[in-house]
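Note sheet for the following structure.
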Amino acid sequence: MPSAVVTRFAPSPTGFLHIGGARTALFNWLYAKHTGGTMLLRIEDTDRERSTDAAIAAIIDGLTWLGLDWEGQPISQFARAARHREIALELLARGKAYRAFETPEELAAMRDKAKAEGRFARYDGRWRDRDPSEAPAGAASVIRIKAPLEGETIIHDCVQGRVAFPNKDLDDFVILRADLTPTYMHAVVVDDHDMGVTHVIRGDDHLTNAARQSIIYEAMDWQAPEWAHIPLIHGPDGAKLSKRHGALGVEAYRDMGYLPDALRNYLLRLGWGHGDDEVISTAQAIAWFDLDAVGKSASRFDFAKLENLNGHYLREAASARLVDEVAPRLEKQLGRPLTALARSRLAAGMDGLKARAKNLVELAENAVFYVIDRPLPLNPKAEQILS
RNA sequence: GCUCCCAUCGUCUAGAGGCCUAGGACACAGCCCUCUCAAGGCUGGUACGAGGGUUCGAAUCCCUCUGGGAGCGCCA
């Protein structure tokens, strides 16, 4: 019997859960559900400078709002540093890695020189075959992996197919820093292995990382997971999604009045399709979703379509649920709690209200009429019509 | 610069050699329905990036070009 599928979503807590991350999480979640497996959550917080608790909270909030859940407690990558160090040392002992004593300044100089010569910087392996005894006394060292010099590294990807990288382009990257903390490249491999991850589903900006990471798997004689590198989401202008476009946190979409159901459906259809189906329930998504149907090309974020889908889910939503959603928005606008009377009027009007709004903001605007004090203030135009 | 990836309507996509004078959805325009606005119905325009092959036949296979994207840190 094949082992059960284990996927993981592994965001770095340096900001909110952005839309691309949300889709990656969704795909991981759907694939796990589809196969009867589990999804794990790992927080990649090894960058102590940039990681914040607020970001962790925002990510967890975002996932929860989207209705995506994971098995067990979130795993802190930082907390596993000792284990990462242990494996780095083992790689060293196995002769698969080596200590390198160059200084950051030396490295920077190397890069500048390469750039000046019109080449691009790759570590030259200057310590690969030198004996550590040649190191200047007291010099700090990092541990670098001994990457193969010739041939190619092949990645068999569920989405991208077979992708080959010439090994001459993969340099001896650092796995353990001078301060003994692991680099991302190394920590990911150790964690995915230890967590029993069978399928790594992530953005295709990690495709070349898969080649590097497979070098570590190889060196440890570990079995590499199945890879699935999904295309990135671009902004409406085709450029990489930036803060200027829709690279907002999912909570921004919540604030803009989108329902999680709509955002999920929309994100699912970005890069994945199932015939002519557009409105897809979660149950259907779980039944239908598979990695081989994920497209290979990047897609652009289109608010109009999200809006349309949102209108659909709004119409379908139970009125009571929408009252709960809209009431806080109205209270915020009014600056006071809704009276029981106002709330009941709102509930009574909801069936009509939800039929014509595209998002909760609009719905709240249209609902103001139901909850403000009587008599209703008339604007000049209304006065004129009435008279 | 090097490596890798991608390429069907404005956008998301269906399409895995003949079912394609290329289908659906969003958006757009017009009409219908309607006390308004939505929703709904109908109609319309708009796409296989270019050039070469292979084949009786190519959106689908191959090559080149062009255009987009990603990666090349003691960041993740």
Side-chain angles (χ1 to χ4, degrees), chain A residues 10-15 43-51 77 100 102-108 110-111 114-115 117-123 140-144 152-153 155 157 159-161 163-171 173-188 202-212 229 231-234 236-241 266-280 292-293 295-309 311-312 314-315 352-358 362-363 366:
Chain A
S12 61
T14 54
I43 306 295
E44 310 222 309
D45 50 358
T46 51
D47 184 345
R48 303 317 286 169
E49 298 289 306
R50 300 196 298 153
S51 297
Q77 188 160 65
E102 65 276 338
T103 61
E105 292 72 35
E106 199 179 327
L107 247 21
M110 195 181 90
R111 271 186 218 108
K115 204 168 182 177
E117 290 169 6
R119 291 180 297 115
F120 224 85
R122 233 179 308 280
Y123 180 66
S141 72
V142 298
I143 295 180
R144 286 181 181 272
E152 44 187 25
T153 295
I155 295 298
D157 193 282
V159 174
Q160 307 290 335
V163 187
F165 297 91
N167 285 332
K168 64 178 173 54
D169 294 315
L170 270 17
D171 63 359
F173 56 91
V174 173
I175 58 175
L176 196 74
R177 301 186 186 102
D179 66 1
L180 302 184
T181 60
T183 59
Y184 159 82
M185 205 65 75
H186 181 241
V188 165
R202 76 237 287 199
D204 72 10
D205 49 339
H206 285 287
L207 189 56
T208 47
N209 289 341
R212 289 173 206 283
H229 289 90
L232 301 177
I233 299 175
H234 289 169
D237 60 357
K240 188 181 180 179
L241 208 49
Y266 177 72
L267 253 19
L268 175 63
R269 285 286 291 106
L270 229 41
W272 180 87
H274 184 267
D276 286 341
D277 295 301
E278 294 291 344
V279 175
I280 300 168
D292 56 19
K296 290 188 177 188
S297 54
S299 43
R300 303 184 187 201
F301 195 89
D302 179 21
F303 269 98
K305 189 148 182 174
L306 205 210
E307 189 96 335
N308 174 273
L309 234 20
H312 170 83
L314 235 27
R315 267 173 264 127
L353 244 21
K354 74 181 181 186
R356 54 214 86 206
K358 291 260 193 259
E362 210 174 287
L363 183 54
N366 296 339

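As a basis for the values below, the full set of heavy atoms in this structure was taken, side chains included, without hydrogen atoms, waters or symmetry mates. Below, read A as the first sequence line, B as the second, and so on, with proteins coming before strands; counting in each chain starts at 1.
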How would you list, by chain and number, every residue that makes a side-chain hydrogen bond (donor to acceptor under 3.5 Å, both in side chains) with [X], sequence neighbours excluded?
X	value
T153(A)	N167(A)
D47(A)	R50(A)
S141(A)	R99(A)
D45(A)	S76(A)

Using the [atom1] atoms only, state how far [M] lies from [N], rounded to an integer number of Å.
N	M	atom1	value
G40(B)	A22(B)	C1'	28 Å
G18(B)	A50(B)	C1'	25 Å
C6(B)	G53(B)	P	25 Å
C56(B)	G1(B)	C1'	47 Å
A27(B)	C72(B)	P	39 Å
C28(B)	G67(B)	C1'	26 Å
C33(B)	C42(B)	P	15 Å
C4(B)	G45(B)	P	44 Å

> For the residue pair H274(A) and W272(A), does the interplanar ring angle fall in the parallel (under 30°), tilted (30 to 60°) or perpendicular (over 60°) class?
Replying inline: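 Plane angle under 30°, so parallel.
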Euclidean distance, atom [atom1] of residue [X] to atom [atom2] of [N] [Å, nearest integer]:
X	N	atom1	atom2	value
D157(A)	G71(B)	CG	C1'	15 Å
R122(A)	G1(B)	CZ	C1'	10 Å
R111(A)	C72(B)	CZ	P	11 Å
R212(A)	C2(B)	CZ	C1'	12 Å
D169(A)	U3(B)	CG	P	6 Å
M185(A)	C74(B)	CE	P	10 Å
R50(A)	A76(B)	CZ	P	8 Å
N167(A)	C2(B)	CG	P	19 Å

Write down the protein N/O and nucleotide N/O pairs, taken from nucleotides 64-66 of chain B, whose separation is under 3.5 Å; answer none if there are no such pairs.
none

Taking a pair as Watson-Crick or G-U wobble with both distances under 3.5 Å, which nucleotide is matched to [N]?
N	result
U34(B)	none
G71(B)	C2(B)
U11(B)	A25(B)
G18(B)	C56(B)
G45(B)	none

> Which residues pass the ring pair (Phe, Tyr, Trp, His ring centres under 6.0 Å) test with H312(A), sequence neighbours left out?
Replying inline: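 Result, ring pair (Phe, Tyr, Trp, His ring centres under 6.0 Å) vs H312(A): none returned.
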> ring pair (Phe, Tyr, Trp, His ring centres under 6.0 Å) with Y184(A): which residues, sequence neighbours excluded?
Replying inline: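 Only H206(A) meet the ring pair (Phe, Tyr, Trp, His ring centres under 6.0 Å) criterion with Y184(A).
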Check salt bridge (Lys or Arg N to Asp or Glu O under 4.0 Å) between [X] and all other residues, then give those that pass, not counting sequence neighbours.
X	answer
R300(A)	none
K305(A)	E278(A)
D171(A)	R212(A)

> Are P231(A) and S297(A) close enough that some pair of their side-chain heavy atoms sits under 4.5 Å apart?
Replying inline: no
> Is any side-chain heavy atom of Y123(A) closer than 4.5 Å to a side-chain heavy atom of M110(A)?
Replying inline: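 They are in side-chain contact.
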Using a 4.0 Å heavy-atom cut-off across all strands, classify [X] as base, sugar-phosphate, or nothing.
X	result
V174(A)	sugar-phosphate
S51(A)	nothing
D171(A)	nothing
E102(A)	base
P166(A)	sugar-phosphate
L107(A)	base

Hey, what are the protein-to-nucleotides 36-43 of chain B N/O distances that come in under 3.5 Å?
{"unit_1": "C37(B)", "atom_1": "O2", "unit_2": "R356(A)", "atom_2": "NH1", "d": "3.0"}
{"unit_1": "C37(B)", "atom_1": "N3", "unit_2": "R356(A)", "atom_2": "NH1", "d": "2.5"}
{"unit_1": "A38(B)", "atom_1": "O2'", "unit_2": "A355(A)", "atom_2": "O", "d": "3.2"}
{"unit_1": "A39(B)", "atom_1": "OP1", "unit_2": "K358(A)", "atom_2": "NZ", "d": "3.2"}

> Taking all atoms of both residues into account, what is the closest heavy-atom pair of G203(A) and H229(A), and its distance?
Replying inline: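 Taking G203(A) first and H229(A) second, the nearest heavy atoms are O-CD2, 3.5 Å.
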> Where is the tightest heavy-atom contact between V174(A) and T183(A), given as atom of each residue plus distance?
Replying inline: O-OG1, 2.9 Å
>> Strictly below 4.0 Å: does R144(A) bring a side-chain N or O up to OP1 or OP2 of C74(B)?
In response: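 Yes, within the criterion.
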> Does T208(A) place a side-chain N or O at less than 4.0 Å from the phosphate oxygens OP1/OP2 of U3(B)?
Replying inline: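 So the side chain of T208(A) is outside the cut-off, no N or O lying under 4.0 Å from OP1 or OP2 of U3(B).
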>> From C-beta outward on D276(A), which listed nucleotide comes closest to its side chain: C74(B), A76(B), G23(B)?
In response: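 Closest of the options to the side chain of D276(A): G23(B).
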>> For the backbone of K358(A) and the side chain of E362(A), can you confirm whether one donor and one acceptor N or O come within less than 3.5 Å of each other?
In response: yes
Sort me out a list of protein N/O and nucleotides 5-13 of chain B N/O pairs below 3.5 Å, or just none if empty.
{"unit_1": "C5(B)", "atom_1": "O2'", "unit_2": "Q160(A)", "atom_2": "OE1", "d": "3.3"}
{"unit_1": "C6(B)", "atom_1": "OP1", "unit_2": "K296(A)", "atom_2": "NZ", "d": "2.6"}
{"unit_1": "C12(B)", "atom_1": "OP1", "unit_2": "R300(A)", "atom_2": "N", "d": "2.9"}
{"unit_1": "C12(B)", "atom_1": "O2'", "unit_2": "R269(A)", "atom_2": "O", "d": "2.7"}
{"unit_1": "C12(B)", "atom_1": "O2", "unit_2": "K305(A)", "atom_2": "NZ", "d": "3.2"}
{"unit_1": "U13(B)", "atom_1": "OP1", "unit_2": "G271(A)", "atom_2": "N", "d": "2.3"}

> Closest nucleotide of RNA chain B for A10(A) versus for A304(A): which of these residues is on the 5' side?
Replying inline: A304(A)
> Would you say the side chain of D205(A) and the base of G71(B) hold a donor-acceptor pair, judged only by whether the two atoms sit under 3.5 Å apart?
Replying inline: no
